[in-house]
Engineer: 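Shown below is the structure under consideration.
These figures come from a predicted structure and were not determined experimentally.
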Amino acid sequence: MYTKYYGLARKPFALTPDPAVVFMSETHQEGLAILKYGILSKKCFLVLTADVGSGKTTLLQALVSSLEQDVHLCLLNNPILYRDEFFSYIAKKLGLHWDGNKAMFLIEFGNLLKDCYTNDERVLLIFDEAHVLPVDLLEEIRLLSNLEEKGQDVLSIFLVGQPELNERMSDDRLLPLRQRIGIRFHLHRFTLDETRQYILFRLRHAGARHLNIFSEEAIAVIHRVSQGTPRLINIICDHALLTGFAESKPVIGADLIEESVDDLHFPGEENRLPVAKPKRTKRVHLALLGGVVFIGLLGVFFLWKYYR
């Protein structure tokens, strides 16, 4: 195993999120602060988006570990559920009774909100991977907020997912939900300096005796091919350490990173690594279409002038 060779107490780049080892970049610090503010601000709905592997689940774990005892939490990580399963899950997490009767659930949920208002407590519903939620369940989530009586303001609902969530929310049927979103935030990927700090942070927490295991050139390549995506940084670094151990290289250079990336490349993948691509908005598509139409009309005009 490479840990002993590199003077490490444990593997530094494990893929499973560890709430005890959380690197907080500037955007992650801002994101965590906004999540906490979302609980206290009494604006009910918050939307947080992040590209695949950017650390949103880790951020949610950091939030959950920081919650006080006066917050009743329901965190749903897999929202691909039928409606009854959806309500059953929420009821179980909040300690409410569920017998398949939605009307009785809504009564109990409304009573919970009243009790929380009386006891100065809060209810927090977090729906991770919300970009896969069907429109009908998003509408059910919105309707839950209607159970709050005027002035209570004890319910916070967080919709967390990939950027596709914004596309899902653009559905005309979800206009009432969009009008209730009080806070929006996008979790950006690491800058080059944050990538460097992240790698050093991971090595330090793995008990590294020295921190110059990766050269500056290697870190630059890691950032370039991963585009600052934490999950991909972990995969590259772990593979590079294994390869470096096999080749007896105490310092990981840029050439070894390039070799590792080639090993990790999926056949047929456009990029060297599976990095999330920026989404084109409808506005961009319309602008491109308008440009094509304009050029076409311009060509027709010149042809008409030429052959007239």
Engineer: Do F45 and I39 belong together in a cluster built from hydrophobic side chains that touch within less than 4.5 Å?
Structural biologist: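 They do not share one cluster, since no chain of ILVMFWY contacts under 4.5 Å joins F45 to I39.
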
Engineer: Using a strict threshold of under 4.0 Å (side-chain N to carboxylate O), is an ion pair present between K114 and E149?
Structural biologist: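 Salt bridge present between E149 and K114.
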
Engineer: Please tell me if the side chains of L147 and L155 come closer than 4.5 Å, counting only heavy atoms from C-beta onward.
Structural biologist: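 No, too far: nothing below the 4.5 Å cut-off.
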
Engineer: Which atom pair, heavy atoms only, marks the closest approach of V221 to A254?
Structural biologist: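 For V221 versus A254, the nearest heavy atoms are CG2-CB, 3.8 Å.
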
Engineer: How close do M169 and R178 get, heavy atom to heavy atom, and via which atoms?
Structural biologist: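 M169 and R178 have their closest heavy atoms at O-NH1, 2.6 Å.
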
Engineer: Taking only Lys NZ, Arg NE, NH1 and NH2, and the carboxylate oxygens of Asp or Glu, determine whether E85 and K92 approach each other closer than 4.0 Å.
Structural biologist: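 Answer for the salt bridge query: no.
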
Engineer: Return yes when atom CD of E26 has more than 12 non-hydrogen atoms of other residues, nucleotides or ligands closer than 6.0 Å, and no otherwise.
Structural biologist: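 No, the 6.0 Å shell around CD holds no more than 12 heavy atoms from other groups.
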
Engineer: Would you mind checking if E216 and R196 are paired as a salt bridge, meaning a charged N to carboxylate O distance below 4.0 Å?
Structural biologist: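 Salt bridge present between R196 and E216.
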
Engineer: On a heavy-atom basis, which atom in I257 and which in A240 lie closest, and how many Å separate them?
Structural biologist: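 Nearest heavy atoms, I257 then A240: CD1-CB, 3.6 Å.
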
Engineer: Heavy atoms, side chains only, cut-off 4.5 Å: are D153 and Y117 in contact?
Structural biologist: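 SC-SC contact between D153 and Y117 ruled out.
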
Engineer: Looking at CG of L63 and CZ of F158, how far apart are the two atoms once the value is rounded to the nearest 0.5 Å?
Structural biologist: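 The CZ atom of F158 is 6.5 Å from CG of L63, to the nearest 0.5 Å.
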
Engineer: Before we go on, tell me: are the rings of H28 and F190 under 6.0 Å apart, centre to centre?
Structural biologist: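 Yes, ring centres under 6.0 Å apart.
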
Engineer: Among the clusters formed by ILVMFWY side chains lying less than 4.5 Å apart, do L137 and L125 turn up in the same one?
Structural biologist: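 Yes, because L137 and L125 connect within a single hydrophobic cluster, where side-chain heavy atoms sit under 4.5 Å apart.
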
Engineer: May I ask you to test the T27-S54 pair for a side-chain heavy-atom distance under 4.5 Å?
Structural biologist: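 Side-chain contact under 4.5 Å: no.
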
Engineer: Closer than 3.5 angstrom, by distance alone: can the side chain of R202 be matched with the main-chain N or O of P12 as a donor-acceptor pair?
Structural biologist: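 Present.
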
Engineer: Under 4.5 Å between side-chain heavy atoms, counting indirect links through other Ile/Leu/Val/Met/Phe/Trp/Tyr residues: same cluster for L35 and L76 or not?
Structural biologist: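 No, no single cluster joins them.
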
Engineer: Using ring centroids (six-membered ring only for Trp), state whether Y37 and F185 fall under 6.0 Å.
Structural biologist: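 No; Y37 has its ring centre 6.0 Å or more from that of F185.
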
Engineer: Using the side-chain contact (heavy atoms from CB on, under 4.5 Å) rule, take D255 and K249 through it: C-alpha gap first, then chi angles, then the decisive distance, then the call.
Structural biologist: CA-CA 11 Å; D255 56 341; K249 292 185 177 180; 4.0 Å; yes

Engineer: How about K102: does its NZ atom have over 12 heavy atoms from other parts shown lying under 6.0 Å from it?
Structural biologist: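 Yes, enclosed.
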
Engineer: Please walk me through it: do F13 and I236 pass side-chain contact (heavy atoms from CB on, under 4.5 Å)?
Structural biologist: CA-CA 9 Å; F13 298 102; I236 296 169; over 6 Å; no

Engineer: Could you tell me which non-hydrogen atom of A220 sits nearest to which non-hydrogen atom of L192, and how far apart they are?
Structural biologist: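 Looking at all heavy atoms of both residues, the closest pair is CA-CD1, 4.0 Å.
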
Engineer: Does the pair R204 and L211 meet the rule for a side-chain contact (heavy atoms from CB on, under 4.5 Å), with working shown?
Structural biologist: CA-CA 7 Å; R204 192 178 296 113; L211 299 177; 3.7 Å; yes

Engineer: If you count every heavy atom of other residues, nucleotides or ligands that lies below 6.0 Å from D172 atom CG, does the total exceed 12?
Structural biologist: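 No, because the 6.0 Å sphere around CG of D172 holds 12 heavy atoms or fewer from other groups.
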
Engineer: State the CD1-CD distance between I233 and Q227, to the nearest 0.5 angstrom.
Structural biologist: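 Between I233 CD1 and Q227 CD, I get 11.0 Å after rounding to 0.5 Å.
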
Engineer: Could you tell me the separation between the CG atom of L232 and the CG atom of L264, rounded to the nearest 0.5 Å?
Structural biologist: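 Between atom CG of L232 and atom CG of L264 there are 9.0 Å.
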
Engineer: Is it the case that over 12 heavy atoms from other parts of the model lie below 6.0 angstrom from the CG atom of N119?
Structural biologist: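 Counting other residues, nucleotides and ligands, CG of N119 exceeds 12 neighbours.
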
Engineer: Walk me through whether T58 and F23 qualify under side-chain contact (heavy atoms from CB on, under 4.5 Å).
Structural biologist: CA-CA 9 Å; T58 302; F23 174 77; over 6 Å; no

Engineer: For the residue pair C237 and I222, establish whether any side-chain heavy-atom pair is separated by less than 4.5 Å.
Structural biologist: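 Result yes, sub-4.5 Å side-chain heavy-atom pair found.
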
Engineer: Could you check if a side-chain atom of L138 sits within less than 4.5 angstrom of a side-chain atom of D171, using non-hydrogen atoms only?
Structural biologist: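 With C-beta onward as the side chain, the pair stays apart.
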
Engineer: Is the closest side-chain heavy-atom distance between S248 and Y5 below 4.5 Å?
Structural biologist: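 The answer is yes, as the side chains (C-beta and beyond) meet within the 4.5 Å cut-off.
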
Engineer: Please check if the side chain of E148 supplies one atom and the backbone of V154 the other of a donor-acceptor pair under 3.5 Å.
Structural biologist: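 Looks like yes, one N/O pair under 3.5 Å.
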
Engineer: Is there a donor in the side chain of H97 and an acceptor in the side chain of E108, or the other way round, less than 3.5 Å apart?
Structural biologist: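 Per modelled atom types, H97 and E108 side chains form no pair under 3.5 Å.
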
Engineer: Any donor-acceptor pair under 3.5 Å linking the side chain of Q29 with the backbone of M24?
Structural biologist: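 Yes, Q29 side chain to M24 backbone: donor-acceptor pair under 3.5 Å.
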
Engineer: When you compare the side chain of F105 with that of L144, does any pair of heavy atoms fall below 4.5 Å?
Structural biologist: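 When only atoms from C-beta onward are counted, F105 and L144 do touch, with a gap below 4.5 Å.
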
Engineer: So does E164 get a backbone contact from the side chain of H131, meaning a donor-acceptor N/O pair under 3.5 Å?
Structural biologist: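 No: the side chain of H131 does not pair with the backbone of E164.
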
Engineer: Does R122 reach the main-chain N or O of L40 with its side chain, forming a donor-acceptor pair under 3.5 Å?
Structural biologist: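 Pair absent, no side-chain N/O of R122 close to backbone of L40.
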
Engineer: Applying the 4.5 Å side-chain criterion to the ILVMFWY set and letting contacts propagate, would L177 and V123 be lumped into a single cluster?
Structural biologist: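 Same hydrophobic cluster.
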
Engineer: Between D136 and R83, does at least one N-O distance fall below 4.0 Å, as a salt bridge requires?
Structural biologist: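 A salt bridge is absent here (no side-chain N lies under 4.0 Å from a carboxylate O).
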
Engineer: Might you confirm whether atom CD of E68 has over 12 heavy atoms from other residues, nucleotides or ligands at distances under 6.0 Å?
Structural biologist: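 Counting neighbours around CD of E68, 12 or fewer heavy atoms of other residues, nucleotides or ligands fall under 6.0 Å, so no.
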
Engineer: Flag yes if W98 and F109 sit in one hydrophobic cluster, no otherwise; membership is Ile, Leu, Val, Met, Phe, Trp, Tyr, and two members link when side-chain heavy atoms are under 4.5 Å apart.
Structural biologist: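 As far as the 4.5 Å side-chain criterion goes, F109 and W98 are connected within one cluster.
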
Engineer: Will you find, in the side chains of T195 and H223, an N or O donor that is under 3.5 Å from an N or O acceptor?
Structural biologist: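 Present: a donor and an acceptor within the cut-off.
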
Engineer: Can you measure from OG1 (T57) to CG (N77) and round to the nearest 0.5 angstrom?
Structural biologist: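 So the gap between those two atoms works out to 7.0 Å.
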
Engineer: Search all heavy atoms of C116 against all heavy atoms of H72 and return the closest pair with its distance.
Structural biologist: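 Smallest heavy-atom distance, with atoms named: SG-CD2, 3.5 Å.
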
Engineer: Can you check whether T229 reaches D51 side chain to side chain, under 4.5 Å on heavy atoms?
Structural biologist: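 Sidechains of D51 and T229: no contact.
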
Engineer: Hey, is OH on Y2 packed in by over 12 heavy atoms from elsewhere, all under 6.0 Å?
Structural biologist: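 Enclosed.
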
Engineer: For the residue pair I141 and L133, what are the closest heavy atoms and their distance?
Structural biologist: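 Closest approach of I141 to L133: CD1-CD1, 3.8 Å.
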
Engineer: Check whether the ring centres of F127 and F86 lie less than 6.0 Å apart, and answer yes or no.
Structural biologist: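 Aromatic pair counts; centres sit under 6.0 Å.
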
